[in-house]
Amino acid sequence: MKRTKYTIANWKMNGSKKSVKIIKSFVKYMKKSNYSSSKIIICPPFTLLSNFIKEEPNILYGAQDCHHLDFGAYTGSISALMLKSIGCKYVIVGHSERREYQSESSTDLSKKIDAALRNNLKVIYCIGEKKEQIKKRYSVLNQQIKSLPSKFSHNNIIIAYEPVWAIGTGMTPSILDINEIHLKIRNLLSKKIGKEISNKISILYGGSVNSSNSSDILSLDQVDGALVGGASLKSKDFCKIFDSY
Ligand code: PEP
C-alpha cells in the first residue's frame, strides 16, 4: 500500500523572525535535489506562522495547537478558524508536552480535533506511551486513539507515534520494535475505522529522530515519515532527514 510520506518539523517554543532563513534553506535544498519523496510541514510557534507563510509560501505549515471553539472570551488562545484564515493547513493535536504541561485530557483533544476538521485543517494527532506504561503500551495507545472521531480519512488525519520517553532524550525503541508498534497501531485503527481507511492512514514516528538514525527508521515499511523536534531546528540536519527516504 502506497501511503503519503511526511517529514514534519515541530519547533516547539523556539525560533524568531530571523528563522525564516532556515525555512528558505529547506526550500532551496528541496528544489536543488528535486525532492518530492515526502511532504514537508513546518510547525513553528504561532507568532511566526503568518510571517513565514507570507515570506516563504512554497512550503506547508502547521500550528502546534488550536482551541476547540472558533472565537470568544478565551484569553491567550488561538482557534482553528484563525489558523485557517492565515493559510495554515495543519495542526498538531495531542502532543505529549501539551497532555503533560497543559493537562489536556482526551475529551479536550477530541474537541480540538473536531474544531480543526470543521475548519478544514488537517490534524497531526500524536499518541505514545510513557516509560512506566511500556508494558501496557497497546491499551494506552488504544485509549488515545479513542479521541479520534468515529469517521475520518487519510486526507485529514495523520498519526504520529511518539513514545514519550523517546522525546528529546536521544533514546528510541529498536528498529524492529518501531515497525511492530506501527503495525499494531494500524490494527487498532482498523478496529475503529475499518481496514480500507486504516491501510491508507500515514503513521509517522517521532522521538529523537536525527540525521544518523533517520535512514534506518524511514526505511521501515510501516513508517510513513517522521515528526522531528530538536533536529528540525538545524537546517543541515533536517535536510539530511528528509533526504533519507
Ligand atoms: C517532538 O517533540 O515531537 C519530538 C519528536 O522531539 P525530538 O525530535 O526532539 O525528540
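Just so you know, these numbers use all the heavy atoms, side chains as well, and skip hydrogens, waters and symmetry mates. Predicted model, so just to flag it, every value in this text is computed and none were measured. In each ligand, atom 1 is the first atom listed, and ligand 1 is the first ligand listed.
Using a 4.5 Å heavy-atom threshold, the side chains of Leu148 and Val123 count as separate.
Residue pairs meeting the side chain to side chain donor-acceptor pair (under 3.5 Å) criterion with at least one member in residues 195-212, sequence neighbours excluded, do not occur.
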Any protein N or O within less than 3.5 Å of an N or O in ligand 1? List each pair with its distance, or say none.
| unit_1 | atom_1 | unit_2 | atom_2 | d |
| --- | --- | --- | --- | --- |
| ligand 1 | 2 (O) | Lys12 | NZ | 2.5 |
| ligand 1 | 2 (O) | His95 | NE2 | 2.9 |
| ligand 1 | 3 (O) | His95 | NE2 | 2.9 |
| ligand 1 | 3 (O) | Glu162 | OE1 | 3.1 |
| ligand 1 | 3 (O) | Glu162 | OE2 | 2.7 |
| ligand 1 | 6 (O) | Lys12 | NZ | 3.4 |
| ligand 1 | 8 (O) | Gly229 | N | 2.8 |
| ligand 1 | 9 (O) | Gly230 | N | 2.8 |
| ligand 1 | 10 (O) | Gly168 | N | 2.7 |
| ligand 1 | 10 (O) | Ser208 | N | 2.8 |

Would you be so kind as to tabulate the donor-acceptor pairs closer than 3.5 Å made by side chains of residues 40-50, with sequence neighbours excluded?
none

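Listed by chain and residue number, His95 satisfy the side chain to side chain donor-acceptor pair (under 3.5 Å) test with Glu162 (two or more places apart in sequence, or in another chain).
With hydrogens and angles disregarded, no donor-acceptor distance shorter than 3.5 Å links the side chain of Glu56 to the backbone of Lys24.
Checked options Lys111, Lys112, Arg99; the residue passing with Glu104 is Lys112 (criterion: salt bridge (charged side-chain N to carboxylate O under 4.0 Å, His left out)).
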